[in-house]
Amino acid sequence: MKQILFIAVCTISLMSCKREIPSDFDYGKVEKNKYTNEFFGLTLEIPEGWFIQDDETQKQLTKEGAKALGGDELAKTIKAAEITTANLLMVSQFDIANHTDPNVLNANFTLVVENLGIASFSVNDGNGYLEASKKQFTKNNVPIKIKGDTKTMDIDGKTFHYFDAVMTMQGAAINQRYMATVINDFALLYVATYGTEDQLEKLMDVLNTANFK
């Protein structure tokens, strides 16, 4: 069940004309259960006892998740998207090395950004980014079903657009919530992956701790 944790990071580069992530880009840091990123002016509280994945683990599990979802072709597409996207943070409720209960999904969230750069179309807000994402999901045959309309939510003065979805992976239906805003010409994407409404509530509580300078 390990790979189910990481389907959230299957963000696919949306831009036909792209800029790379700068070499001096700030990926942020975690100290005492608080994530801080100076570039985005963001702080975020991580729940006590939850597990932060390091960079190498994120890359490996992203690769595994992509192959499980769409095989080698989707994996290649997501690999190419690493030029313009960056995984800032990946946190799970349980330790992935020890969580083996097939009846309890390892709830998690990922924080991902994409450099919008110079695009062939304009993305001015989270709604534009999410609509473009939906088109990419269809183009790349990602097995995802969108539930309902896109909505908005205010998080410390930032407007996040979001939609709920169900992604099918190896026969299992996984609940997700995709939330996006635009800061400093980057799309900032928060993806919550969960099994129960209680887990979703906890994941939303995490995002509600966000503070933007």
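For the numbers below, each heavy atom of this structure counts, side chains included, while hydrogens, waters and symmetry mates do not.
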Are any non-hydrogen side-chain atoms of [X] and [Y] less than 4.5 angstrom apart?
X	Y	result
Ile52	Leu89	yes
Phe137	Lys135	no
Leu116	Val182	yes
Phe109	Leu44	yes
Leu111	Leu188	yes
Met179	Leu207	yes
Val191	Arg177	no
Phe94	Asp101	no

Gap between atom [atom2] of [Y] and atom [atom1] of [X] - 0.5 Å precision:
X	Y	atom1	atom2	value
Gln93	Leu203	CD	CG	7.5 Å
Met153	Asn208	CE	CG	6.5 Å
Thr110	Tyr178	OG1	OH	8.0 Å
Thr159	His161	OG1	NE2	7.0 Å
Leu42	Phe212	CG	CZ	5.0 Å
Gln199	Asn106	CD	CG	8.0 Å

Are there over 12 heavy-atom neighbours, none belonging to Asp154, within less than 6.0 Å of that residue's CG? yes
Would you check if the side chain of His99 reaches a backbone N or O of Leu105 as a donor-acceptor pair within less than 3.5 Å? no
Minimum heavy-atom separation for [X] to [Y], with atom names?
X	Y	value
Asp156	Ala210	CB-O, 3.4 Å
Tyr27	Asn87	CD2-O, 3.8 Å
Asp26	Asn37	O-ND2, 2.9 Å
Leu88	Val113	CD1-CG1, 3.6 Å
Thr209	Glu45	OG1-N, 2.9 Å
Glu131	Thr150	OE2-OG1, 3.6 Å

Is a donor from one side chain sitting under 3.5 angstrom from an acceptor on the other, for Ser92 and Gln53? yes
For a quick check under 3.5 Å, do Glu201 and Tyr194 share a side-chain donor-acceptor pair by atom type? no
Same hydrophobic cluster for Phe51 and Val91, using side-chain heavy-atom links shorter than 4.5 Å among ILVMFWY? no
Path from Val166 to Met204 over hydrophobic side-chain contacts below 4.5 Å: no
CA sep, side-chain torsions, deciding dist, call: Phe39, Phe186, side chain to side chain contact (heavy atoms under 4.5 Å, CB included): CA-CA 10 Å; Phe39 181 81; Phe186 279 77; 3.8 Å; yes
Could you walk me through whether Ile183 and Lys158 pass the side chain to side chain contact (heavy atoms under 4.5 Å, CB included) check? CA-CA 9 Å; Ile183 302 175; Lys158 296 289 183 183; 4.3 Å; yes
Is the terminal nitrogen or CZ of Lys134 (NZ for Lys, CZ for Arg) located under 6.0 angstrom from the six-membered ring centre of Phe163 and within 45° of that ring's axis? yes
Stepwise side chain to side chain contact (heavy atoms under 4.5 Å, CB included) check, Thr168 with Ile174: CA-CA 6 Å; Thr168 302; Ile174 309 301; over 6 Å; no
Parallel, tilted or perpendicular: ring planes of Phe40 versus Phe25, cut at 30 and 60 degrees: perpendicular
